[in-house]
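Data block below; observations after.
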Amino acid sequence: MNTGEHIESLSREGQLLARSAEAAGTSAQVPTCPGWRVRDLVRHTGMVHRWATEYVTRGHREYRPGAGEPDLDGPELLSWFREGHAGLVAALRGAPADLECWTFLPAPSPLAFWVRRQAHETAVHRMDAASAAGREVGDVPAEFAADGIDELLVAFHARDRSRVRPAKPGTLRIRPTDGPPGTVWTVRLSPDGPPRTVRDDRGPADTELSGSAGALYAVLWNRAPVDAVSLSGNPRLAALWRESSPITWH
């Protein structure tokens with residue numbers, strides 16, 4: 001996906017998040033985030049949007065913590081969220097291709113990093129809002145979903161801080177049944193280091209998850225149960241992923 005496509009995805013997912021949050025009501029529980037209510041979700045995502053906007057517009061070269069979450073609720077909170085989301089979209093659309101600022105995952109450029117990361121940050125939390133409103137969670141466009149799976153496996157969980165480490169080595173394969181031709185990932189898991197992912201299906205796998213890219217996206221980001229996709233082989237690695245893969249606030 002290119003920069004423009006990521007920005008369009010960010011715009012779409014943020015609008016859908018706000019609509020689902022409004023439909024659910026800010027006091028509703030969020031099934032995909034136990035302990036959270038919709039107000040917590042909206043406050044968090046809105047804070048992240050403003051945090052990202054600061055890097056894009058001010059070019060900060062080092063990590064800076066977010067400004068904190070507002071003590072807002074109801075329609076006022078949703079208006080605050082929409083304002084911050086629109087501001088982020090506008091900042092990214094207006095950012096120069098040679099933007100220089102801090103990032104925390106490998107990417108072709110800082111701008112490529114921020115458009116991709118914020119598109120998927122927003123999509124994942126849109127699924128949370130959808131779950132609170134009783135709406136479909138895994139209805140993510142196939143190409144975008146495949147891109148988000150790639151970011152999760154190849155970027156996030158390649159870091160030493162990944163906690164996905166089995167008691168003994170194993171191989172997990174992820175195979176979408178739609179999306180770009182040839183899209184498949186093989187994830188080699190070890191007790192001695194972070195997962196190592198390659199974009200092919202060479203060699204045997206202990207466990208394979210297959211299904212639509214949208215369903216796999218929801219499962220791998222822990223927004224849908226494993227039985228939302230097809231599992232073959234040993235379920236042990238799928239359970240390990242479920243238990244140890246969640247990504248926390250930076």
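One-based numbering along the sequence shown.
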Evaluation steps, side chain to side chain contact (heavy atoms under 4.5 Å, CB included), between Tyr55 and His60: CA-CA 5 Å; Tyr55 288 103; His60 297 314; 3.7 Å; yes
Nonpolar side-chain network containing Leu77, other nodes, edges under 4.5 Å: Leu17, Val30, Trp36, Val38, Leu41, Val42, Leu72, Leu78, Trp80, Phe81
Side chains of Asp200 and Thr186 in contact at under 4.5 Å (non-hydrogen atoms): yes
Check: Ser9 side chain, Glu5 main-chain N or O, donor-acceptor pair, under 3.5 Å: yes
Steps toward side chain to side chain contact (heavy atoms under 4.5 Å, CB included) verdict (Arg223, His125): CA-CA 9 Å; Arg223 264 55 190 190; His125 288 314; 3.8 Å; yes
Positive for side chain to side chain donor-acceptor pair (under 3.5 Å) with Arg126, one of Glu13, Glu121, Gln15: Glu13
Met1 reachable from Leu153 in the ILVMFWY side-chain graph, under 4.5 Å edges: yes
Under the side-chain contact (heavy atoms from CB on, under 4.5 Å) test, residues paired with Glu243 that sit two or more places apart: Ala239
Close aromatic pair by centroid cut-off 6.0 Å: Phe113 and Phe104: yes
Test log, rule side chain to side chain contact (heavy atoms under 4.5 Å, CB included), inputs Leu152 and Asp150: CA-CA 5 Å; Leu152 180 66; Asp150 193 81; over 6 Å; no
Result of checking Ser245, Ser162, Ser244 against His157 for side chain to side chain donor-acceptor pair (under 3.5 Å): Ser162
Greater than 12 external heavy atoms within 6.0 Å of Arg163's CZ: yes
Salt bridge (Lys or Arg N to Asp or Glu O under 4.0 Å) partners of residues 60-71, not counting sequence neighbours, each pair once: Glu62-Arg64
Expected output: side-chain Gln29 to main-chain Pro31 donor-acceptor under 3.5 Å: no
Exercise: identify the closest heavy-atom pair between Arg165 and Asp160: NH2-O, 2.6 Å
Flag if over 12 foreign heavy atoms under 6.0 Å of CZ, Arg93: yes
Audit row: Leu92, Trp114, side chain to side chain contact (heavy atoms under 4.5 Å, CB included) steps and yes/no: CA-CA 8 Å; Leu92 290 168; Trp114 282 110; 4.1 Å; yes
